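Taking it in order: structure first as structure tokens, then the write-up.
In what follows, chains carry the letters A, B, and so on, assigned in the order in which the sequence lines appear, proteins first and then strands, with residues in each chain numbered from 1. Since the model is a prediction, treat every value here as computed from it, not as a measurement.
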2 protein chains.
Amino acid sequence: MIDETDRLRAEARAAVLKALAHATRIYIVDVIEREGPLCVCELTRRIGADTSTVSRHLAILKGIGILQDSKQGTTVYYSLACGCVADFLGELEKVLSALHQRELRRYQAAVTG
Amino acid sequence: MIDETDRLRAEARAAVLKALAHATRIYIVDVIEREGPLCVCELTRRIGADTSTVSRHLAILKGIGILQDSKQGTTVYYSLACGCVADFLGELEKVLSALHQRELRRYQAAVTG
DNA sequence: ATACTGTTTGGCTATATTGACAAATTTGCA
DNA sequence: TGCAAATTTGTCAATATAGCCAAACAGTAT
């Protein structure tokens with residue numbers, strides 16, 4: 001049976017991945033990483049969903065510790081809680097392009113017969 | 001509104017993250033990365049779930065292109081389809097420990113008052 | 001106090017995910 | 001041919017997730 005340490009590690013990793021595993025949330029992290037802190041209303045404008053929906057996505061990212069918030073008046077700005085996320089996104093992008101390469105090769109092979 | 005390119009990138013990233021965002025699946029990838037190709041029955045033994053459940057998790061990972069399979073008799077061995085996954089797991093681990101550090105500091109701050 | 005803006009939360013429906021069991025499939029072998 | 005082992009697939013119930021609307025909440029200014 002699976003080792004207890006391995007199981008706990010798998011669950012911790014899965015929790016972080018789950019927090020990021022949504023197009024809206026990964027977009028939020030990406031755009032904040034590129035442009036710096038943004039408020040809920042600005043993110044809502046860009047995403048085009050209900051404010052409440054965006055707020056809930058932000059709460060998830062804050063909950064896991066990836067984002068932090070700071071209030072200025074009625075406006076809440078969200079920013080990255082740790083720089084490590086940028087490297088993570090970089091590796092994710094590498095995985096993505098590797099998978100894409102494989103996809104292309106498989107397609108070539110299928111066409112070539 | 002959100003840029004079309006950004007939206008597509010976010011969805012592609014989310015798809016990969018979703019495939020990995022489950023304790024059982026991230027465990028599977030991790031153990032195969034450490035020990036090499038393993039068959040469904042061996043993985044089932046370690047995970048302790050129904051064979052059909054494990055098989056479905058494997059199908060998800062194969063579907064996104066992270067794993068590949070090869071049949072030997074009635075046995076199916078699953079292996080990593082690309083080495084890039086190891087680096088990805090490494091960065092994930094860094095994120096995790098950074099979040100853990102923050103957690104600790106927050107705890108310290110709470111105790112110290 | 002009232003009104004206004006920005007944000008979060010309650011409540012609900014719709015959809016997706018997970019996991020087990022049973023049944024079907026594939027392959028090897030007597 | 002027929003049995004056994006390994007794996008996949010059909011089906012379904014339980015649970016989780018996502019989204020919206022409406023309502024509550026927090027600041028700011030009139």
Side-chain angles (χ1 to χ4, degrees), chain A residues 1-2 7 10-29 31-32 36-79 81, chain B residues 1-2 7 10-29 31-32 36-79 81:
Chain A
M1 193 71 109
I2 182 173
R7 198 180 60 73
E11 281 182 5
R13 286 174 168 183
V16 173
L17 291 176
K18 264 164 78 166
L20 291 167
H22 189 287
T24 298
R25 294 198 289 271
I26 200 75
Y27 169 75
I28 288 172
V29 171
V31 71
I32 289 180
L38 292 171
C39 63
V40 182
C41 56
E42 174 59 23
L43 287 166
T44 297
R45 243 170 263 132
R46 302 198 189 194
I47 292 164
D50 196 275
T51 309
S52 66
T53 300
V54 174
S55 176
R56 287 211 153 96
H57 282 305
L58 289 165
I60 290 171
L61 291 169
K62 183 188 169 190
I64 200 75
I66 289 172
L67 296 186
Q68 61 192 171
D69 59 351
S70 74
K71 209 169 203 173
Q72 290 186 27
T74 62
T75 308
V76 178
Y77 288 90
Y78 280 87
S79 55
Chain B
M1 190 71 108
I2 182 173
R7 198 180 61 73
E11 282 182 5
R13 288 174 167 182
V16 172
L17 292 176
K18 265 165 77 166
L20 291 167
H22 188 287
T24 298
R25 293 198 290 272
I26 200 74
Y27 169 75
I28 289 172
V29 171
V31 72
I32 290 180
L38 291 171
C39 64
V40 182
C41 55
E42 174 58 25
L43 288 166
T44 297
R45 242 170 264 131
R46 303 198 186 194
I47 292 165
D50 195 275
T51 309
S52 67
T53 301
V54 175
S55 176
R56 286 216 152 93
H57 283 305
L58 289 166
I60 289 170
L61 291 168
K62 182 187 169 190
I64 200 75
I66 289 172
L67 296 185
Q68 60 192 172
D69 60 350
S70 75
K71 208 168 203 172
Q72 289 187 27
T74 61
T75 307
V76 178
Y77 288 91
Y78 281 87
S79 56

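- When all heavy atoms of A/Ala81 and A/Gly65 are compared, the closest pair comes out as CB-O, 3.2 Å.
- Under the 3.5 Å distance criterion, the side-chain polar atoms of B/Arg25 are matched with a main-chain donor or acceptor of B/Lys18.
- When the C1' atoms of four end pairs are superposed on the next four at each end of the helix from C/dA1-D/dT30 to C/dA30-D/dT1, using five pairs per end, the two resulting axes differ in direction by 10°, to 10°.
- Residues passing the salt bridge (Lys or Arg N to Asp or Glu O under 4.0 Å) test with B/Glu11, sequence neighbours excluded: B/Arg7.
- The side-chain heavy atoms of A/Leu38 and A/Arg46, taken from C-beta on, include a pair separated by under 4.5 Å.
- Residues B/Tyr78 and B/Ile32 share a closest heavy-atom pair of O-CD1, 3.6 Å.
- Note that SG of B/Cys41 is 4.5 Å distant from CZ of B/Arg45, once rounded to the nearest 0.5 Å.
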Any N/O pairs under 3.5 Å between the protein and nucleotides 8-10 of chain D? List them or say none.
{"from": "D/dT8", "atom 1": "OP1", "to": "B/Tyr78", "atom 2": "OH", "distance (Å)": "2.7"}
{"from": "D/dT8", "atom 1": "OP2", "to": "B/Ser55", "atom 2": "OG", "distance (Å)": "2.6"}
{"from": "D/dT8", "atom 1": "O5'", "to": "B/Ser55", "atom 2": "OG", "distance (Å)": "3.4"}
{"from": "D/dG10", "atom 1": "N7", "to": "B/Arg56", "atom 2": "NH2", "distance (Å)": "2.8"}
{"from": "D/dG10", "atom 1": "O6", "to": "B/Arg56", "atom 2": "NH1", "distance (Å)": "3.0"}

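- Running 5' to 3' along DNA chain C, contacts with non-hydrogen atoms of chain B at under 4.0 Å begin and end at C/dT17 to C/dG28.
- For the segment residues 16-25 of chain B, the set of residues with a heavy atom within less than 4.0 Å of an atom of DNA chain D is empty.
- Taking the side chain as every heavy atom from C-beta outward, A/Val40 and A/Thr75 never approach each other to under 4.5 Å.
- Side chains of A/Leu61 and A/Leu20 form a contact here, defined as non-hydrogen atoms less than 4.5 Å apart.
- Within the 4.5 Å cutoff, the side chain of A/Leu43 has heavy atoms near those of the A/Val31 side chain.
- Listed here is the closest heavy atom pair of A/Ala14 and B/Ala23: CB-N, 3.4 Å.
- The shortest non-hydrogen separation linking A/Ile64 to A/Ala19 is CG2-CB, 3.8 Å.
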For nucleotides 25-30 of chain D, which of its nitrogen or oxygen atoms have a protein nitrogen or oxygen under 3.5 Å away, and what is each distance?
{"from": "D/dA26", "atom 1": "O3'", "to": "A/Lys71", "atom 2": "NZ", "distance (Å)": "3.4"}

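- Between A/Thr24 and A/Ile28 there is a side-chain heavy-atom pair separated by less than 4.5 Å.
- Between the SG atom of A/Cys39 and the OH atom of A/Tyr77 there is a distance of 5.0 Å, given to the nearest 0.5 Å.
- Annotation for A/Thr44 and A/Ala49: closest pair CG2-O, 3.4 Å, computed over non-hydrogen atoms.
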